[in-house]
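The block underneath contains the structure these notes are about, expressed in structure tokens.
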Protein chains: 2
Amino acid sequence: MDLREISRLLYQIKLADQHVASSFERETGFSLTRYEMLQVAKERGVCTQRVIKEEMKIDNAAITRHLKILEEKGYVVRERNAENHREMFVRVTEKAEQDLRYCERGERANHLVLKALSDEEIHQLSGLLQKLNSHAL
Amino acid sequence: MDLREISRLLYQIKLADQHVASSFERETGFSLTRYEMLQVAKERGVCTQRVIKEEMKIDNAAITRHLKILEEKGYVVRERNAENHREMFVRVTEKAEQDLRYCERGERANHLVLKALSDEEIHQLSGLLQKLNSHAL
DNA sequence: CTGTATTGTTTGATGAGTCAATAATTGACA
DNA sequence: TGTCAATTATTGACTCATCAAACAATACAG
């Protein structure tokens with residue numbers, strides 16, 4: 001297993017990410033990251049940006065910027081925690097929930113992965129990625 | 001298989017890409033993309049940017065910019081094809097070959113993936129990604 | 001040949017992510 | 001109380017990717 005083979009594999013991951021993320025956005029109208037962000041926020045109920053950051057393993061700066069955009073679009077409401085003014089509470093709006101439900105309903109739900117892989121293979125892939133990601137610092 | 005599950009999977013791919021690419025760069029000193037680019041160019045011998053673009057499935061603009069950087073660092077030489085002035089020939093230099101050989105030798109060769117996954121699993125992952133990527137336009 | 005299409009590369013604008021620096025708030029404690 | 005450290009969010013500077021537009025060189029149709 002030499003470096004060349006590894007770089008080939010890693011480059012395949014990069015390509016997969018690019019394809020898959022752009023097709024997700026094309027088909028749902030949501031960027032993958034912001035979709036995930038909304039879902040996390042929705043599942044958590046009202047929560048701070050820190051919680052989202054930890055769950056998504058994304059940079060602080062990215063969180064702030066995405067949430068600003070989501071706020072402008074009316075998908076989330078943000079307000080400082082009155083008891084700890086460092087924290088910012090985030091809550092998804094009814095509008096967001098509607099739009100999410102809408103794009104879930106569309107049978108456009110991501111074709112790319114489903115077309116390429118069987119349920120069994122998707123499950124396998126997910127397991128491998130989880131293993132890989134859990135080894136990252 | 002609903003959209004939420006899919007987005008989780010896709011987000012895992014994104015995270016894997018980020019982890020893996022940054023650890024590759026940390027450990028080899030080469031950005032994954034530029035490493036791959038040098039390898040492709042090396043394997044092809046003298047070739048045009050178009051060939052690299054097709055092999056790597058990367059945007060034209062990205063190719064130009066990476067190659068400029070590689071040129072500044074003395075890793076490639078570029079010159080116009082005398083017989084077709086639209087084309088740019090690329091050739092990797094001796095310096096590049098040396099530095100590549102050097103970083104291959106280092107037993108630092110990418111730990112992350114190797115630590116996380118067995119050879120068997122890496123093989124599986126590679127197969128799944130290939131399948132996934134071949135379904136992208 | 002001469003205009004039109006096509007090809008290969010380059011450039012500019014934009015979006016997403018990082019890290020590092022800063023600000024603001026809180027908590028601990030001498 | 002006053003200062004020092006830690007926490008949370010924000011901002012700025014940078015990299016890397018994309019798309020679209022521009023460009024120069026070539027090919028080709030009449």
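Proteins get letters first, then strands, A, B, ... in listed order; numbering begins at 1 in each.
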| message | Is the phosphate of dA17(D) approached by Lys14(A) (side-chain N or O, under 4.0 Å from OP1 or OP2)? | response | yes

| Which ones in residues 35-59 of chain A lie close to DNA chain D, meaning a heavy atom under 4.0 Å from one of its atoms? | Thr48(A), Gln49(A), Arg50(A)

| query | Quick one: the side chain of Arg86(A) and the base of dT25(C), do they pair up donor-acceptor inside 3.5 Å? | reply | yes

| Are the aromatic rings of Tyr75(A) and Phe30(A) close, with centres under 6.0 Å apart? | yes

| message | Nearest heavy atom decides the nucleotide; on that basis, is Ala82(B) or Ala62(B) closer to the 5' end of DNA chain D? | response | Ala62(B)

| query | CD1 of Ile63(B) versus C1' of dT11(C): gap in Å, rounded? | reply | 16 Å

| query | Within the distance-only criterion (no hydrogens, no angle test), does the side chain of Thr93(B) pair as donor or acceptor with the backbone N or O of Gly74(B) below 3.5 angstrom? | reply | yes

| Side-chain heavy atoms of Thr48(A) within contact of Val90(A), under 4.5 Å | no

| message | Ignoring hydrogens and geometry beyond distance, is the side chain of Arg80(A) in donor-acceptor contact with the base of dT8(D) at under 3.5 Å? | response | no

| request: May I have the distance from Ile69(A) (atom CD1) to dT10(D) (atom C1'), rounded to whole angstrom? | output: 14 Å

| query | How many Å lie between CZ on Phe30(A) and P on dG15(C), as a whole number? | reply | 18 Å

| request: Indicate, with a heavy-atom threshold strictly under 4.0 Å, whether Thr33(A) touches base, sugar-phosphate, or nothing. | output: sugar-phosphate

| request: Would you mind reading off the distance between Arg65(B) atom CZ and dT14(C) atom P, rounded to a whole angstrom? | output: 13 Å

| To the nearest angstrom, how far is His85(B) atom NE2 from dT10(C) atom P? | 14 Å

| said: Rounded to the nearest 0.5 Å, what separates atom CZ in Arg50(B) from atom CG in Asn60(B)? | reply: 10.5 Å

| note | Per nearest nucleotide of DNA chain C, the residue lying toward the 5' end, Ser31(A) or Lys68(B), is Lys68(B)

| request: Whole angstrom is fine here: how far is it from NE2 in His66(B) over to P in dT10(C)? | output: 14 Å

| Interatomic distance where CD belongs to Glu83(B) and C1' belongs to dT7(C) [whole Å] | 17 Å

| said: Please determine whether any donor N or O and acceptor N or O are separated by less than 3.5 Å between the side chain of Arg34(A) and the base of dG15(C). | reply: no

| query | Who pairs with Gln124(B) by side chain to side chain contact (heavy atoms under 4.5 Å, CB included), at least two apart in sequence or on another chain? | reply | Gln124(A), Leu128(A), Glu120(B)

| task | Answer yes when Glu87(A) and Arg80(A) have at least one side-chain N-carboxylate O distance shorter than 4.0 Å, and no when they do not. | result | no

| field | Closest listed nucleotide, where the reference is the side chain of Asn60(B) and the choices are dC19(C), dC16(D), dT10(C) | value | dT10(C)

| salt_bridge(Arg4(A), Glu36(B)) N-O dist < 4.0 Å | yes

| query | Nearest-Å distance, CG (Asp17(A)) to P (dA16(C))? | reply | 13 Å

| said: So, under a plain 3.5 Å distance rule, would you say the side chain of Arg78(B) forms a donor-acceptor pair with the base of dG8(C)? | reply: no

